[in-house]
Every structure is written in structure tokens, then in C-alpha cells.
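Computed from a predicted model, the values in this text were never measured in an experiment.
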Amino acid sequence: MLDSHSKVGITQIALSIPIVFLAAYILYRNGAQKPRIAWLSFVLFSLIRLAGGIIEIQLENKPSTRLTIANHILLSIGVVPLVLSFTGLIAIILGRDFYYKPKLQIFIALSRIASVPAAVHLIVGGVLIGDYTNKNSASLGKHFVQAAYIVLAVTTAIAISLQVYLWWKKRRLTRNSIIILKALPIAMSFFIVRIAYALVSVYAAGPGSKWNFESVSTSRFACMALLLEYLIAGVFVYIGLRVSNSDNVYGESDALPRYEDLDAKTPQ
């Protein structure tokens, strides 16, 4: 009989397989447009979650230190490509409609650069936490993970700030940008809860706590982490299939009308 962890692993695989194909198709469909980081990161996220489901099942059937380490790494590092997808989608808007303000791209660049040490910290932390034979190692690993989630929280705050700015400048945006901008807050609301749950898990959770990763119920973890990520993935799929793949970016001519142009053509 399957236990709860195996059921979660099977569910991950079942949900991840179609997302992998959809993400790959969206990358093929929109890949001619730069920047591609949003769609590349989305593909990476789907592959990580698919691999995580496989590892989860193997871990329950044949427990080992290596599988435990791999499971910790995959569960935590999946948020990194999601952050890169968020900033990548914002970069598409900036490249298309604010190419004359290159300073805004600095925030995108900083977010991408910050994602590298965050990913490294999550990997190192996963390796150390997965080594249950050494308590000091697990404690040190927790500090690595804490530092990583702080960086990701700051990166998320930057992405939210840029979204607020883009909403303020909404009348300058083209149709593709509007599609992205309207969908992003939905995905971001799920991601804020996901990051908050991660921060609580690594900071406020002691041994035996209901928020502790090791003692939390499988259903709670599935709802607070995995379900939210798949909801975000659903929004990304919507964006990837809705946006036109014929638009040019980075200052080239855009055939789609801007909001302010539509207003100018409206009879008074």
C-alpha cells in the first residue's frame, strides 16, 4: 500500500509531465524573442519538480543518505527558477516598452545575479541537512538555507516593486505586456505565500514544530509548497500561450497598439 510520501511523489510526476511538455512548447513558441530566461527557467522548474517526484518515490522504497540529500535539494531549489521566470517576464515588458530606460534592467540583472548564490546556498544546505549522521552539519546546513531564502525574499520584493512601477506606467504598455502584467499579480500572490512558508519553515520551526520540514504533515507541505508552485505554473502556461509570438522587443517596431494610442483614437 502506498504511503503519503509516495502518493505525493506520484502526484508530482502526474502534474509535472504535462507541465514539462507545455513549458517546452512555450519555449519553442516564444523562444525566438529575447529575453528567453522566463521560459528557460520555467522548463527548468518543471524538470526539477518531475525529478523531485521520482526521487520522493525512490526514497520511500529504498531510503538512503544520497536520496535524502537529493530530495532536500530538489524540494528547496525549485523556487529559484520560479524567481527567474518572474523577473524574466518583467524583463520582457521592460525590453519591449521601456527600452529607453536601461537603468530599469539593472534591477533585473541584480535579481539574476542574486539567484546564483541563493541556488548554491540551497544546494550546500541540502547536502548538509541531508547528512543526519552529523548534527552540526544539519545545523550549519540550516543557516545556508536561511541565507538563501532571505536573498530570494529580497529578489521577490524587487520583482513586486517593478510590477508596481509597471502598473503605474500601464498606459505606455503594448497588448502583450498588458497580458503579462495582469497575470503576474495572481502568480506573485501564490509565490509570496510559498516564500513565507519557506521562511517560517527554516526560521520559526524547531524540532517537533508543526512548521518543521521533517515533522510537518505531508498534506500540509503539499498544499503550502507544491500546490502553490503548480498554481504558479498554471499562470505561466496561460501567459506563454496568450502572448503573441510575433512581437519584436528591445526597441524594435511593435505592431500591437499601446493603451495610450487606443485612447488617442477614441472619438471624444
Point to revise | Stepwise side-chain contact (heavy atoms from CB on, under 4.5 Å) check, Asn30 with Val243 | key: CA-CA 9 Å; Asn30 303 323; Val243 296; 3.9 Å; yes
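- In terms of modelled atom types and a separation under 3.5 Å, the side chain of Asn71 and the main chain of Leu67 share no donor-acceptor contact.
- Under the 3.5 Å distance criterion, the side-chain polar atoms of Ser137 are matched with a main-chain donor or acceptor of Leu128.
- A donor-acceptor contact shorter than 3.5 Å links the side chain of Arg29 to the backbone of Gly240.
- Taking the side chain as every heavy atom from C-beta outward, Phe86 and Ser111 never approach each other to under 4.5 Å.
- One N or O on the side chain of Arg36 and one on the backbone of Gly31 form a donor-acceptor pair closer than 3.5 Å.
- In this structure, Leu166 and Lys170 have side chains that are not in contact, with every pair of non-hydrogen atoms separated by 4.5 Å or more.
- Within a 6.0 Å radius of CZ in Phe98, more than 12 heavy atoms belonging to other residues, nucleotides or ligands are found.
- The hydrophobic clustering, which links ILVMFWY residues whose side-chain heavy atoms are closer than 4.5 Å, places Ile113 and Val124 apart.
- Side-chain contact check for Val80 versus Phe45: every heavy-atom pair is 4.5 Å or farther apart.
- The distance from atom CG of Leu184 to atom CD1 of Ile179, rounded to the nearest 0.5 Å, is 12.0 Å.
- Note: the hydrophobic cluster containing Leu110 does not contain Ile160 (ILVMFWY, side chain heavy atoms under 4.5 Å, direct or indirect links).
- Cluster membership for Val127 and Val116, using ILVMFWY side-chain heavy atoms within less than 4.5 angstrom, is not shared.
- Contact between Ser115 and Val83 at its shortest, heavy atoms only, is OG-CG1, 4.3 Å.
- Nearest heavy atoms, Ala183 versus Val235: O-CG1, 3.5 Å.
- One finds the CG atom of Leu82 at 8.5 Å from the CZ atom of Arg194 (value rounded to the nearest 0.5 Å).
- Linking ILVMFWY residues whenever their side-chain heavy atoms come closer than 4.5 Å, directly or via other members, places Phe107 and Trp168 in the same cluster.
- Between Leu89 and Ile93, the closest side-chain pair of non-hydrogen atoms is not below 4.5 Å.
- The hydrophobic clustering, which links ILVMFWY residues whose side-chain heavy atoms are closer than 4.5 Å, places Met188 and Ile180 together.
- No side-chain heavy atom of Phe144 sits under 4.5 Å from any side-chain heavy atom of Leu122.
- Interatomic distance, Leu59 CG to Ile69 CD1, rounded to the nearest 0.5 Å: 11.0 Å.
- In this structure, Arg242 and Arg175 have side chains that are in contact, with non-hydrogen atoms separated by less than 4.5 Å.
- A distance-only check finds no donor-acceptor pair linking the side chain of Arg49 to the backbone of Leu15 [under 3.5 Å].
- Enclosure of atom OH in Tyr230 by more than 12 non-hydrogen atoms of other residues, nucleotides or ligands within 6.0 angstrom is indicated.
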Point to revise | Worked verdict on Ser76 versus Tyr149 for side-chain contact (heavy atoms from CB on, under 4.5 Å) | key: CA-CA 9 Å; Ser76 57; Tyr149 278 124; 3.5 Å; yes
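- Separation of the Phe191 and Tyr197 ring centroids does not fall under the 6.0 Å cut-off.
- Distance alone, capped at 3.5 Å, places no donor-acceptor pair between the Asp97 side chain and the Ser177 backbone.
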Exercise for review: Decide side-chain contact (heavy atoms from CB on, under 4.5 Å) for Ile37 and Arg112; before the verdict, give the C-alpha distance in whole Å, the side-chain angles of both, and the deciding distance to 0.1 Å.
Suggested key: CA-CA 10 Å; Ile37 187 67; Arg112 293 176 184 174; 3.0 Å; yes
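- In this structure the side chain of Thr68 never reaches within 4.5 angstrom of the side chain of Ile129, judged on heavy atoms.
- Taking every heavy atom of both residues into account, Gly126 and Ile73 meet most closely at CA-CG1, 3.9 Å.
- For the atom pair NE2 (His121) and CG (Leu152), the distance works out to 11.0 Å, reported to the nearest 0.5 Å.
- In terms of modelled atom types and a separation under 3.5 Å, the side chain of Ser41 and the main chain of Ala38 share no donor-acceptor contact.
- Annotation for Val145 and Gly125: closest pair CG2-CA, 3.9 Å, computed over non-hydrogen atoms.
- Contact between Ile48 and Gly78 at its shortest, heavy atoms only, is CG2-CA, 4.1 Å.
- Atom CD1 in Ile57 sits 4.5 Å away from atom CD1 in Ile10 (nearest 0.5 Å).
- Annotation for Ser85 and Phe42: closest pair OG-N, 3.3 Å, computed over non-hydrogen atoms.
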Point to revise | Worked verdict on Val79 versus Glu229 for side-chain contact (heavy atoms from CB on, under 4.5 Å) | key: CA-CA 8 Å; Val79 297; Glu229 292 180 358; 3.7 Å; yes
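- Residues Trp39 and Ile239 have side chains in contact (heavy-atom distance under 4.5 Å, counting atoms from C-beta outward).
- Taking CD1 of Ile17 as the reference point, atom CD of Gln12 lies at 11.5 Å (rounded to 0.5 Å).
- For Tyr165, the OH atom counts as densely surrounded, since its 6.0 Å shell holds more than 12 non-hydrogen atoms of other residues, nucleotides or ligands.
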